[in-house]
Amino acid sequence: MYGKAFAPEYRGALGALSVNSSLEEVRETALGQLRRAEESGDPLEAAHAQLAVAESSRRLGLVEEAERAWRAGYRAARAAGHQGAMAWAVWSGGTLARQRGALALARRLLTLAAELAARGDDVVARGYALAGLAETGRIQGDYAAVAELHEQLLAEARRRGEARHTVWALEGIAQIHRNTGAYDKALALFEEAAEIARTADDARGHAWALRGIADVVSLHGRTEEALALLTEAEGICRRMSLAGALAYNRKMRGNVLYRAARYEEARTAYEAALEEFRAMAEPRGTALATLGLVKSRARLGRAPEETAADLDALAGTLRGRGLHHTREMVERARAELLEPVAAGAGAGR
């Protein structure tokens with residue numbers, strides 16, 4: 001069975017922080033610990049503190065501060081000669097790179113983090129680095145390449161009884177099933193993840209699982225149930241100041257409303273999500289919210305040639321980013337919104 005969830009990225013003197021601590025609290029506490037570590041000349045504690053600063057800043061959407069913190073943390077860990085701490089710093093950098101859309105850099109950093117963790121005999125850091133690689137591939141849509149790694153990491157997390165990583169792996173596998181059309185499998189896995197997260201007191205994992213459940217039940221036409229789940233998840237995100245999760249939750253609300261043909265409400269939700277994603281320089285979320293906004297505007301009467309120009313512009317921003325699944329979504333939107341118009345025009349000639 002699983003014990004209470006914990007946050008291994010809060011290390012050293014910060015190890016007492018809860019996985020559910022608000023990110024402002026984590027950042028403030030970590031900055032205080034960083035000052036104390038620097039005053040006492042303790043590079044390892046400084047590295048631990050910088051890691052917490054980096055991760056709380058990243059999740060708050062303070063990406064420039066997160067970038068400075070993980071690099072400073074790596075330098076401090078290297079000065080301390082601690083490869084495990086070096087691995088955690090590079091893992092944070094790789095995770096930030098993925099969030100910022102630099103997927104090739106993310107893969108390089110996460111691969112290096114896994115190597116450092118192996119040399120430093122830090123099993124948990126290695127697992128998180130491999131999980132980061134798996135998630136990067138999944139975001140790109142390379143499901144065949146990373147499905148086995150997701151399953152391997154799930155088995156390892158279950159064996160160790162590590163609730164938070166089990167929840168992450170279940171949600172990742174569920175997302176693959178959802179994106180490949182196996183909705184019943186996806187729903188079962190999201191529901192299992194939600195239950196493990198709830199009993200382990202992993203609020204962040206619970207919020208992401210609720211979002212996944214909402215997505216799948218809305219595909220079955222259960223709109224109000226989906227919206228209620230998203231409202232519950234939003235409350236968790238706000239309590240913990242999870243800026244990225246909140247933006248994705250709002251984008252999903254737009255998806256649910258769009259599927260229910262509530263296009264005006266969907267447009268409002270997408271506009272809010274787009275503003276949030278832009279504020280944190282999150283290109284994948286920005287692209288997804290933009291796509292939802294384009295589709296909503298088209299359904300509300302935007303001229304077909306303007307919709308076509310919007311989709312062309314979005315496809316251009318995605319070119320070279322490696323977001324294969326998102327590019328496929330743009331092309332599906334083109335077929336959904338423009339081909340019927342073209343066919344109708346042809347029939348009228």
Side-chain angles (χ1 to χ4, degrees), residues 1-10 19-20 55 58-59 87-88 91-92 94-95 98-99 103 106-107 109-111 113-114 117-118 122-216 229 233 236 240 242 244-245 248-249 252 284 325:
M1 294 302 294
Y2 302 98
K4 290 294 183 183
F6 68 99
E9 67 269 34
Y10 303 152
V19 68
N20 296 326
E55 281 302 287
R58 179 180 68 80
R59 291 165 178 155
W88 279 108
W91 164 79
S92 181
T95 305
R98 182 178 66 239
Q99 180 174 312
L103 300 182
R107 285 194 300 273
L109 289 173
L110 291 165
T111 299
D122 191 321
V123 175
V124 178
R126 183 175 180 275
Y128 270 61
L130 292 175
L133 286 168
E135 187 162 344
T136 302
R138 177 166 53 78
I139 285 171
Q140 289 185 277
D142 295 335
Y143 305 134
V146 299
E148 185 177 345
L149 181 54
H150 274 81
E151 294 284 359
Q152 172 193 328
L153 293 167
L154 173 60
E156 291 178 3
R158 287 193 193 277
R159 187 167 58 250
R160 294 199 303 269
E162 189 182 337
R164 188 175 172 215
H165 229 200
T166 299
V167 168
W168 169 85
L170 285 168
E171 291 171 353
I173 297 166
Q175 194 64 49
I176 291 172
H177 284 310
R178 181 259 180 264
N179 288 351
T180 53
Y183 299 143
D184 290 343
K185 288 182 179 178
L187 182 58
L189 291 170
F190 278 129
E191 289 176 337
E192 182 183 356
E195 179 59 20
I196 293 172
R198 185 187 64 78
T199 57
D201 197 24
D202 173 10
R204 183 163 54 231
H206 193 217
W208 281 107
L210 291 175
R211 174 182 168 275
I213 295 170
D215 183 22
V216 180
L229 289 165
I236 296 170
M240 295 181 64
L242 297 170
Y248 273 104
N249 192 80
M252 182 57 68
R284 176 172 173 264
H325 179 64

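For the pair R204 and N20, the minimum side-chain heavy-atom distance is 4.5 Å or more. Contact annotation: the side chain of W208 never approaches that of Q175 to less than 4.5 Å [non-hydrogen atoms, C-beta and beyond]. Residues L189 and E171 form no side-chain contact, since every pair of their non-hydrogen atoms from C-beta on lies 4.5 Å or further apart. Taking the side chain as every heavy atom from C-beta outward, Q152 and E148 never approach each other to under 4.5 Å.
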Which pairs would a plain distance check flag for residues 133-142, meaning a side-chain donor or acceptor within less than 3.5 Å of a matching protein atom at least two apart in sequence or in another chain?
unit_1 : atom_1 : unit_2 : atom_2 : d
E135   : OE1    : W168   : NE1    : 2.8
T136   : OG1    : R98    : NH1    : 3.4
T136   : OG1    : G132   : O      : 2.8
R138   : NE     : H150   : NE2    : 3.2
Q140   : OE1    : R107   : NH1    : 2.7
Q140   : NE2    : G322   : O      : 3.2

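In terms of heavy atoms, I176 sits closest to A147 at CD1-CA, 4.2 Å. Of all non-hydrogen atoms in A197 and G205, the two that sit nearest each other are CB-C, 3.9 Å. What you find for A233 and A207 is that their closest heavy atoms are CB-O, 3.7 Å. Contact detail for A200 and A163: the closest heavy-atom pair is CB-CB, 3.4 Å. Taking each heavy atom of A129 and A114 in turn, the nearest pair found is CB-N, 3.6 Å. Here the shortest heavy-atom pairing between A5 and V19 reads O-CG1, 3.9 Å.
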Derivation of the side-chain hydrogen bond (donor to acceptor under 3.5 Å, both in side chains) call for D122 and W88: CA-CA 9 Å; D122 191 321; W88 279 108; 3.2 Å; yes
Intermediate values then yes/no, side chain to side chain contact (heavy atoms under 4.5 Å, CB included), R160 and H165: CA-CA 10 Å; R160 294 199 303 269; H165 229 200; 4.2 Å; yes
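Separation of the H177 and Y183 ring centroids does not fall under the 6.0 Å cut-off.
Summarising the geometry, atom CG belonging to D201 is positioned 12.5 Å from atom CZ belonging to R164; distances are rounded to the nearest 0.5 Å. To the nearest 0.5 Å, the span separating CD1 on I213 from CZ on R178 amounts to 14.0 Å. With rounding to the nearest 0.5 angstrom, the CG atom of L109 is 12.5 Å from the CH2 atom of W91.
Look at E9 and R59 and you find a salt bridge, because one of the NZ, NE, NH1 or NH2 atoms lies within 4.0 Å of a carboxylate O, short of that distance. Under 4.0 Å is where a charged nitrogen must lie from a carboxylate oxygen, and between E192 and R158 at least one such pair does.
Between H206 and the options R211, E195, R198, a side-chain contact (heavy atoms from CB on, under 4.5 Å) holds for only R198.
For CZ of R284, the number of neighbouring non-hydrogen atoms (other residues, nucleotides, ligands) closer than 6.0 Å is greater than 12.
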